[in-house]
**Q** 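Below is one structure. I have some questions about it.
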2 protein chains.
Amino acid sequence: MKSLSIKDIAVKANVSITTVSFIINGKAKEKSISEAVIEKVKKIIEESGYKPNQIARSLRTGNSNIIGLIIEDISNSFFSRIARLIEDKAYKRGYKIIYSSTENNIDKAKELINLFKSRKVDAYIISPIKGIEEDVQMLLDDGNPVIFFDRNLPDVKTSYVGADHFNASYQSIQSFIDQGKKNIALVTTDINVAQITERHDGYKKALEDNGIVYDDSLVLKIHFNQEENETIAQIKSLLAHKKVDAVLFVTNYLAISGLKALKQIDKKIGDDFAIIAYDDHEAFELHTPRISAIQQPLEEIAEAIIKLILNRLSSKGKLPAEELIIPTRLVLRD
Amino acid sequence: MKSLSIKDIAVKANVSITTVSFIINGKAKEKSISEAVIEKVKKIIEESGYKPNQIARSLRTGNSNIIGLIIEDISNSFFSRIARLIEDKAYKRGYKIIYSSTENNIDKAKELINLFKSRKVDAYIISPIKGIEEDVQMLLDDGNPVIFFDRNLPDVKTSYVGADHFNASYQSIQSFIDQGKKNIALVTTDINVAQITERHDGYKKALEDNGIVYDDSLVLKIHFNQEENETIAQIKSLLAHKKVDAVLFVTNYLAISGLKALKQIDKKIGDDFAIIAYDDHEAFELHTPRISAIQQPLEEIAEAIIKLILNRLSSKGKLPAEELIIPTRLVLRD
DNA sequence: TGGTTAGCCTAAAACGATTTAGCGAATCAA
DNA sequence: TTGATTCGCTAAATCGTTTTAGGCTAACCA
């Protein structure tokens, strides 16, 4: 059962392929096709259920109405929720999204870029990792719109949408201090991206501004791809060896590991021990006691990304790179 | 900066396009191209960074090495984790996955099928909803491999991979009864798919087999797309008006709403009140007390799906539809 | 010697659309 | 009446591959 081609329609309607193409693409008026022919062809298309072959179309026009989304890990709820929002919004504007995860693997990220490139996606939304600067630069040099989100690569000049990581961190620490906390630990990761270092910097600065000396031994850097049990062990060790009355977790999965660690050593969150997680999570609302978190405004981030992309897509000329820093919300619970 | 085409390579190497194509596709030996030419062309390809245009390739060959994955909602962790696993496994076998969510919307599902069809994906993995039977049947009639997972459509004969929903439910209820529970409620949804009705049936059968009369007023059917607050209110109302000592939640998001409801009315889970959730969730392990759950073996499901797909893809003829029912695991906590 | 075969390579058609250039008839202006 | 313009439509080139069918030379065989 071969699917229909434009030629089949043309034959059935007894007109040329060109005419059918004009009608399909809404250029009938402009090309002065008679009302009668338009009607006839439309009817035949309708009845036969003909759908243009997008591949042929892409080959000819060089674009695809598809936007490629490259993220770290679709099974992380921050990304899957952003993906869903972006998908929705793009869809309403006639674009489809295809997405894939890099797993923080440089080679996989590069391959994905190539995959999308060879599929001629119209634009790229990327949560980047170090090591792909050149590849992204090539995309930009070829005139492709590229938007970074969540993380930025300082060496690549392109638009970026992200939360105000520095201030989010700063505010969290300030709130600990306002509660009278003195020994504030930071659990972070060793992936070297701006977003993570900003969170670290906010922590430092808040301590400094409050006259507290920064103590490197209170900062735990978790290796990115390690087993969760290892992470839990390290957190337990930190709490065992240091006097700590507050912890800021720099990602929600670290906070979850942290909660598991607390459970294992039966340390309670309460007046003398507080934690805040970066990025909210369903589990936090449900936890007893409920866990405070920094919420990134997903909806706004998604909206900003799509707006930037569409601007770039509709204006032929290159637009200057824009940086959108979106404020976060600190939700203090219990 | 136009990207290179096979023609550019041919010109540079001073051979024909055909020769280059043979070499790219590993048919050089078979077509008896001399070692010298192979070397030369490969070197030029290497140096120039030439990548074949996949769109042109797809247009010509009619396939894409892409598998389309259609799910209900990527932001649901069951789906995002399955997606991630499928992606991984497919990737290792040289296939890419593109995915998109239907949001349980029939029109969107149909559009997605069309999108994938017009992009000539090689196979479809679908978590189906009622109302798309015809569209799927057309795919099958055209000879496309289609695998359903998680849910099945009884009217469409194609392969299916899913958990043993009936027994999972049955065992959960049995375990309640073994604990001495008598008034067991079921919180389910009104989406009319086999997977949900099987869970319902397992509940009924287990009660019957234990001589407990099925009471329809203990079964709460939540409307699919409703606001969470509404859901919480309904659950509270059920608990207020009925004597209930155990609840089986038919999906994890319903269980989460349920936990919120319990929190609001300050009802504790303990010896006289138990719950089980269908599909595990990070929040359950962390909750105090920890929440029992039915785990679907995601890894196995993903593996089974990929195996079925690859079989179909490699064997030209149509294979008979297979149904793989994978046992679940009841994890009793605390 | 002449016919086959093998080895090495290529011309051209095909995939299914979009788009440019242009044709013939009808209408219009002068 | 004639030249220009508009109208309604189409032929053919094009996008970048794969693949079929076959050409040319040199070696081989009888």
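The chains referred to below are lettered A, B, ... by the order of the sequence lines, with proteins before strands, and numbering in each begins at 1. All values derive from a computational prediction rather than experimental measurement.
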**Q** Heavy atoms within less than 4.0 Å of DNA chain D: which residues of residues 49-67 of chain A have one? Give them sorted by number.
**A** A:L59, A:R60
**Q** A side-chain contact here means heavy atoms from C-beta on lying under 4.5 Å apart; do B:I125 and B:F148 qualify?
**A** no
**Q** Holding to side chain to side chain contact (heavy atoms under 4.5 Å, CB included), I want the full list of residues that pass it with A:L139, two or more places apart in sequence or in another chain.
**A**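 Here the qualifying residues are A:I113, A:K117, A:Y124, A:N144, A:V146.
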**Q** Can you name the ring pair (Phe, Tyr, Trp, His ring centres under 6.0 Å) partners of A:Y99, sequence neighbours left out?
**A** B:Y99
**Q** Look at atom CD of A:E134 and say whether more than 12 heavy atoms of other residues, nucleotides or ligands are closer to it than 6.0 Å.
**A**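 Check fails, neighbour count at 12 or below.
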**Q** Does a side-chain heavy-atom distance below 4.5 Å link B:D122 with B:Y95?
**A**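 When only atoms from C-beta onward are counted, B:Y95 and B:D122 do touch, with a gap below 4.5 Å.
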**Q** So do the side chains of B:E35 and B:K40 get within less than 4.5 Å of each other, counting heavy atoms only?
**A**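 They are not in side-chain contact.
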**Q** Looking at B:R151, I want to see if its CZ is surrounded by more than 12 non-hydrogen atoms of other residues, nucleotides or ligands under 6.0 Å.
**A** yes
**Q** Which heavy atom in B:S5 sits nearest to a heavy atom in B:Y50, and how many Å separate them?
**A**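 Residues B:S5 and B:Y50, closest heavy atoms: C-CE1, 3.6 Å.
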**Q** Grab the NZ-C1' distance between B:K7 and D:dT18 for me, whole Å please.
**A** 16 Å
**Q** Please work out which residues in residues 9-18 of chain B have a non-hydrogen atom less than 4.0 Å from an atom of DNA chain D and list them by number.
**A** B:I17, B:T18
**Q** I want to check something: taking the side chain as every heavy atom from C-beta on, are A:F149 and A:I71 in contact at a cut-off of under 4.5 Å?
**A**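 Touching, per the 4.5 Å side-chain cut-off.
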**Q** Has A:R119 got more than 12 heavy atoms of other residues, nucleotides or ligands less than 6.0 Å from its CZ?
**A**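 Check passes, neighbour count above 12.
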**Q** Within residues 20-47 of chain B, find the residues that approach DNA chain D with a heavy atom at under 4.0 Å, and present them sorted by residue number.
**A**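 Within residues 20-47 of chain B, the residues near DNA chain D are B:S21, B:F22, B:N25, B:K27, B:K31.
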**Q** Describe the nucleic acid contact of B:T19 in one word from base, sugar-phosphate, nothing, applying a heavy-atom distance below 4.0 Å.
**A** base
**Q** Take atom NZ of B:K108 as the centre, draw a 6.0 Å sphere, and report whether it contains more than 12 heavy atoms from other residues, nucleotides or ligands.
**A**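 More than 12 within 6.0 Å, yes.
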**Q** A quick test of your reading: do over 12 heavy atoms of other residues, nucleotides or ligands sit less than 6.0 Å from CD of A:E133?
**A**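 Count over threshold, so yes.
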**Q** Which pairs, protein N/O on one side and nucleotides 24-26 of chain D N/O on the other, fall under 3.5 Å?
**A**
none

**Q** Report yes or no: does A:N152 contribute a side-chain atom to a donor-acceptor pair with the main-chain N or O of A:P154 at less than 3.5 Å?
**A**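 Here the side-chain-to-backbone pair does not exist.
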